Amino acid sequence: MAQGNQTKVSEFLLLGFSEDPELQPLIFWLFLSMYLITVFGNPLIILATISDSHLHTPMYFFLSNLSFVDIGFTSTTIPKMLWNIHTQSQVITYEACIFQMHFFTLFIGLDIFLLTVMAYDRFVAICHPLLYTVIMNPRLCALLVLMSWIISLLHSLLESLMVLQLSFCTILEIPHFFCELNQMIQLANSDTFLNNMVMYFVAVFLAGGSLFGIIYSYSKIVFCIHEISSAQGKYKAFSTCASHLSVVSLFYCTGLGVYLSSAATHSSHSSVTASVMYTVITPMLNPFIYSLRNKDLKMGLKMLFGKENIKVSIVLGLEKCL
C-alpha cells in the first residue's frame with residue numbers, strides 16, 4: 001500500500017470478548033474487580049518489603065520489582081477495556097494503540113526476565129547457601145534488574161518502530177481486548193516478513209532462553225534437594241521456591257497455551273480468552289501465591305498494617321486534642 005494511505009489511519013476498533021450487550025456489565029464488573037485486586041494487592045507486597053528490614057533480601061527485592069511490573073502489566077490494557085465498555089465504544093486511536101502495544105511488550109518482557117532472575121536466586125540460595133550473600137550481593141541484584149529493564153525496553157522499542165513502518169486499512173478491527181503485537185502484524189496490509197522474523201526470533205531467543213534458564217535452575221535445585229538427608233530439610237528447601245514455581249507454571253503454561261490454541265484452531269476468540277490468564281489472572285494471583293505460605297511476608301504485612309493502625313490512632317488523637 002502507498003505511503004499516503006498509511007497516514008490516513010487514525011483509529012482502530014477493539015472487538016473485545018463479546019458484542020452481546022447483556023454480557024457487557026458482567027465483563028465490566030468482573031475485570032474491574034480483578035484489576036482492583038491487582039493494583040491494591042501488589043503495592044502491599046512492595047510496601048511490606050520496604051517497611052520490614054527482615055525482607056531486605058534479594059528474593060524480596062526481585063519480588064517487589066515483579067509486583068511493580070505486574071501493576072504496569074495490567075494497567076496497560078484493562079483500564080482502556082473498561083473505559084470502552086463503560087462508554088459503549090470500541091475505538092482506540094492509532095497513537096494509543098502503538099503506545100499500548102509498546103508498554104505491553106515492555107512489561108511482558110520484564111515479567112519473563114524477572115521470573116528467570118528469581119529462579120537463579122533460588123538456585124544459589126538452595127545449592128550454594130554458604131555463598132548466597134556473597135554471590136547475590138546488592139550490586140549484582142541491582143544489575144540484574146537494570147539489565148532486565150534495558151533489554152525489555154530495547155526490544156519493545158524495536159517492535160514498536162517496526163510496526164510504525166507497516167501500513168493498515170483506514171478502518172481496522174482488532175479481534176482482541178488490547179493492541180497485541182501479533183494481532184497488529186497479522187492485520188497489516190504491507191509486507192510483514194521482517195516483523196514476523198524478529199517477533200519469532202525474540203520469542204525463541206528471549207522467552208525460550210529464559211524458560212531454559214528456569215528449567216536448568218530447577219533441575220539443579222531438585223538435585224540439591226535430593227542430596228539433603230533430612231525430610232524436614234527437604235521440605236524447607238522446597239517451600240522456599242514453591243511459590244515461584246507456581247507463578248512460573250501459571251505464566252508460561254497459559255502464555256504458551258494462547259499461541260498454541262490460536263495456531264491450532266485459528267480462532268481469535270479462544271486466543272483472547274486464554275490470554276486473560278497471563279495478562280490478568282496471573283498478576284492478580286501473585287500476591288496471594290507469594291503470601292499464602294510465606295511466614296516472613298505475612299509478618300511483614302502484619303507489621304505494615306500495624307504501623308498504619310498506629311498512624312491512624314495518632315491522627316485521631318491529635319484531631320480530638322484540636
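This structure is a prediction, so every number in the text was calculated from the model and none was measured. Each residue takes its place number in the sequence, starting with 1.
- We find the CG-OG distance between L143 and S148 to be 9.0 Å, quoted to the nearest 0.5 Å.
- Taken from OG in S219 to CD1 in I214, the straight-line distance is 12.0 Å, to the nearest 0.5 Å.
- Side chain of H176 to main chain of L15: no donor-acceptor pair is present (N/O by atom type, distance under 3.5 Å, no hydrogens or angles).
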(request) Just do the side-chain contact (heavy atoms from CB on, under 4.5 Å) check on W149 and L106 with the steps written out, would you? (result) CA-CA 8 Å; W149 273 94; L106 169 65; 4.3 Å; yes
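- Here the CD1 atom belonging to I85 is positioned 10.5 Å from the CD atom belonging to Q88, to the nearest 0.5 angstrom.
- The two residues F73 and T279 have their closest heavy-atom pair at CE2-CA, 4.1 Å.
- Looking at N195, its side chain never comes within 3.5 Å of a backbone N or O of F193 through a donor-acceptor pair.
- Contact detail for Y218 and C241: the closest heavy-atom pair is OH-O, 3.4 Å.
- Linking Ile, Leu, Val, Met, Phe, Trp and Tyr whenever their side-chain heavy atoms come within less than 4.5 Å leaves L158 and L161 in two separate clusters.
- Around atom NZ of K234, more than 12 heavy atoms belonging to other residues, nucleotides or ligands sit under 6.0 Å away.
- At distances below 3.5 Å, not a single donor-acceptor pair connects side-chain atoms of S67 with backbone N or O atoms of I46.
- A 4.5 Å side-chain heavy-atom check between H155 and F205 finds every atom pair outside the cut-off.
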(request) For the pair V69 and L114, evaluate side-chain contact (heavy atoms from CB on, under 4.5 Å) and give the outcome as yes or no after the intermediate values. (result) CA-CA 9 Å; V69 169; L114 287 174; 3.7 Å; yes
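- Nearest heavy atoms, Y252 versus A207: OH-O, 3.6 Å.
- Side-chain polar atoms of Y35 and S75 form a donor-acceptor pair below 3.5 angstrom.
- Distance check: F113 CZ to M118 CE gives 15.5 Å after rounding to the nearest 0.5 Å.
- Looking at every heavy atom in both residues, D70 comes nearest to T38 through O-CG2, 4.2 Å.
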(request) Tell me, with the steps shown, if C179 and L14 meet side-chain contact (heavy atoms from CB on, under 4.5 Å). (result) CA-CA 8 Å; C179 295; L14 294 173; 4.1 Å; yes
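- No donor-acceptor pair closer than 3.5 Å links the side chain of Q90 to the backbone N or O of N84.
- Looking only at side-chain heavy atoms (C-beta outward), Y60 and D52 stay at 4.5 Å or farther from each other.
- E180 is not listed as a side-chain neighbour of T77, based on a closest heavy-atom distance of 4.5 Å or more.
- Side chain of H56 to main chain of T49: a donor-acceptor pair is present (N/O by atom type, distance under 3.5 Å, no hydrogens or angles).
- Remark: aromatic rings of H128 and F123 are close, center separation under 6.0 Å.
- Just one of T116, V124, V117 meets the side chain to side chain contact (heavy atoms under 4.5 Å, CB included) condition when paired with Y120; it is V124.
- Hydrophobic clustering (side-chain heavy atoms under 4.5 Å, transitive across Ile, Leu, Val, Met, Phe, Trp, Tyr) keeps L164 apart from V202.
- The closest donor-acceptor contact from the side chain of N196 to the backbone of T192 lies under 3.5 Å.
- Shown here is F238, whose CZ atom has no more than 12 heavy atoms of other residues, nucleotides or ligands within 6.0 Å.
- A continuous path of Ile, Leu, Val, Met, Phe, Trp and Tyr side chains, each step under 4.5 Å between heavy atoms, connects L153 with I108, placing both in one hydrophobic cluster.
- The structure places CZ of F168 at 6.0 Å from OH of Y94, a figure rounded to the nearest 0.5 Å.
- In this structure, F31 is a member of the same hydrophobic cluster as F40, with clusters built from ILVMFWY side-chain heavy atoms closer than 4.5 Å.
- The backbone N or O of T105 sits nowhere less than 3.5 Å from a side-chain atom of S156 that would complete a donor-acceptor pair.
- I112 places a side-chain heavy atom less than 4.5 Å from the side chain of F251.
- Closest approach of E159 to M101, counting heavy atoms only: O-CE, 4.3 Å.
- Hydrophobic clustering, with ILVMFWY side chains joined whenever heavy atoms are under 4.5 angstrom apart, groups M81 together with L23.
- Not one N or O on the side chain of E11 forms a donor-acceptor pair closer than 3.5 Å with the backbone of V91.
- A 4.5 Å side-chain heavy-atom check between L66 and N286 finds at least one atom pair inside the cut-off.
- Put simply, the side chain of P58 reaches to within 4.5 Å of the side chain of Y132, judged on heavy atoms.
- For F99, the CZ atom sits in a loose shell: 12 or fewer heavy atoms of surrounding residues, nucleotides or ligands are nearer than 6.0 Å.
- L82 CG to L32 CG: the interatomic distance, rounded to the nearest 0.5 Å, is 5.5 Å.
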(request) Could you walk me through whether H86 and F28 pass side-chain contact (heavy atoms from CB on, under 4.5 Å), step by step? (result) CA-CA 8 Å; H86 176 69; F28 178 86; 4.1 Å; yes
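- Nearest heavy-atom pair, I174 versus L187, reported as atom, atom and distance to 0.1 Å: CA-CD1, 3.9 Å.
- Within the 3.5 Å criterion, the main-chain N or O of L110 finds a donor-acceptor partner in the side chain of S152.
- Side-chain atoms of T240 come within 3.5 Å of backbone N or O of A237 as a donor-acceptor pair.
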